[in-house]
Amino acid sequence: MKKSGILNRHLAGALAELGHGDGVLICDVGMPIPPGPRVVDLAFRAGVPSFAEVLDGLLDELVVEGATAAEETAGANPEAARLLTARVPGLELVPHERLKALTSSARLVVRTGEARPYANVLLRCGVFF
């Protein structure tokens with residue numbers, strides 16, 4: 001058994017299959033999930049695991065070359081906006097409806113237990129070399 005890093009076998013396996021340019025949506029419990037991408041639902045109960053915990057864990061595991069979040073996040077969820085601005089490289093802000101449309105291109109969706117609005121981000125995978 002692994003003793004560090006991501007222990008969830010479904011998430012660890014999905015991350016290992018990602019390639020350059022693939023999209024990973026980290027979302028709250030309210031974000032509509034489009035049909036198509038692989039979904040790893042980590043939600044246990046409201047707030048568990050938090051958006052911040054999942055984001056930090058995935059940023060430790062992935063090379064990220066860009067990211068997209070909803071421009072409405074700053075007004076509706078200032079904590080998530082600060083978190084994304086501080087931790088996500090190359091953050092692009094788009095209207096929430098545009099973000100929802102972009103989720104259909106994600107290869108992986110990771111659903112958190114976050115129950116506050118606009119705790120969502122679409123990461124674009126980079127390469128480590």
Side-chain angles (χ1 to χ4, degrees):
M1 176 178 192
K2 288 181 67 168
K3 66 180 197 175
S4 64
I6 292 179
L7 298 178
N8 180 293
R9 68 184 176 94
H10 301 289
L11 184 54
L15 294 176
E17 294 172 358
L18 294 172
H20 184 221
D22 285 343
V24 178
L25 175 68
I26 305 172
C27 65
D28 59 33
V29 295
M31 183 71 157
I33 298 174
R38 184 171 179 177
V39 177
V40 177
D41 191 342
L42 301 177
F44 176 68
R45 63 178 171 210
V48 179
S50 72
F51 177 70
E53 290 169 323
V54 174
L55 178 64
D56 286 345
L58 290 180
L59 290 176
D60 284 346
E61 298 285 327
L62 294 173
V63 175
V64 175
E65 69 179 21
T68 307
E71 58 192 17
E72 295 90 342
T73 306
N77 190 340
E79 184 179 329
R82 283 190 296 275
L83 177 77
L84 289 169
T85 302
R87 297 186 187 159
V88 179
L91 183 65
E92 174 188 9
L93 299 175
V94 299
H96 186 61
E97 290 303 315
R98 175 75 179 130
L99 178 64
K100 288 195 295 188
L102 290 171
T103 64
S104 64
S105 68
R107 181 143 184 239
L108 172 65
V109 174
V110 181
R111 185 171 175 257
T112 72
E114 193 66 55
R116 290 176 295 160
Y118 298 99
N120 309 296
V121 66
L122 182 61
L123 305 175
R124 191 172 58 261
C125 294
V127 291
F128 62 89
F129 55 86

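Taking Asp22 as the reference, Arg107 meet the side-chain hydrogen bond (donor to acceptor under 3.5 Å, both in side chains) condition, with sequence neighbours excluded. Remark: Glu71 pairs with no residue by the side-chain hydrogen bond (donor to acceptor under 3.5 Å, both in side chains) rule, at least two apart or across chains.
The environment of CD in Glu65 is crowded: more than 12 heavy-atom neighbours from other residues, nucleotides or ligands sit within 6.0 Å.
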Under 3.5 Å donor-acceptor pairs involving side-chain atoms of residues 80-91, not counting sequence neighbours:
residue : atom : partner : partner atom : Å
Thr85   : OG1  : Ala81   : O            : 2.8
Arg87   : NH1  : Asp56   : OD1          : 2.8
Arg87   : NH1  : Asp56   : OD2          : 2.9

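Of all the heavy atoms in Pro37 and Pro34, the pair that sits closest is CD-O, 3.4 Å. Smallest separation of non-hydrogen atoms from Val121 and Phe51: CG1-CZ, 3.9 Å. Scanning both residues, Glu114 and Ala119, for their nearest heavy atoms gives CG-CB, 3.5 Å. Contact between Pro117 and Ala76 at its shortest, heavy atoms only, is CG-O, 4.1 Å. Across all their heavy atoms, Phe44 and Pro49 have their closest contact at N-CD, 4.3 Å.
The hydrophobic clustering, which links ILVMFWY residues whose side-chain heavy atoms are closer than 4.5 Å, places Val54 and Leu18 together. Linking ILVMFWY residues whenever their side-chain heavy atoms come closer than 4.5 Å, directly or via other members, places Met31 and Leu102 in the same cluster. Neither Leu59 nor Val109 shares a network with the other; the hydrophobic side chains, linked directly or stepwise wherever heavy atoms of I, L, V, M, F, W or Y lie under 4.5 Å apart, form separate groups for each.
The CG atom of Leu58 lies 4.5 Å from the CD1 atom of Ile26; values are rounded to the nearest 0.5 Å. Here the straight-line distance linking atom NZ of Lys100 with atom CG of Leu25 works out to 12.0 Å at 0.5 Å rounding. Atom CZ of Arg98 is separated from atom CD of Glu92 by 8.5 Å, given to the nearest 0.5 angstrom. A distance of 8.0 Å separates OG1 in Thr73 from CG in Leu99, rounded to the nearest 0.5 Å. Atom CG in Leu93 sits 9.5 Å away from atom CD in Glu72 (nearest 0.5 Å). The CG atom of Asp41 sits 6.5 Å away from atom CD1 of Ile33, with the distance rounded to the nearest 0.5 Å.
You'll find the side chain of Leu108 reaches within 4.5 Å of the side chain of Leu11, heavy atoms only. Using a 4.5 Å heavy-atom threshold, the side chains of Leu15 and Leu62 count as touching. Residues Asp28 and Asn120 are in side-chain contact: their nearest non-hydrogen atoms beyond the backbone lie under 4.5 Å apart. Side-chain contact check for Thr103 versus Leu122: every heavy-atom pair is 4.5 Å or farther apart.
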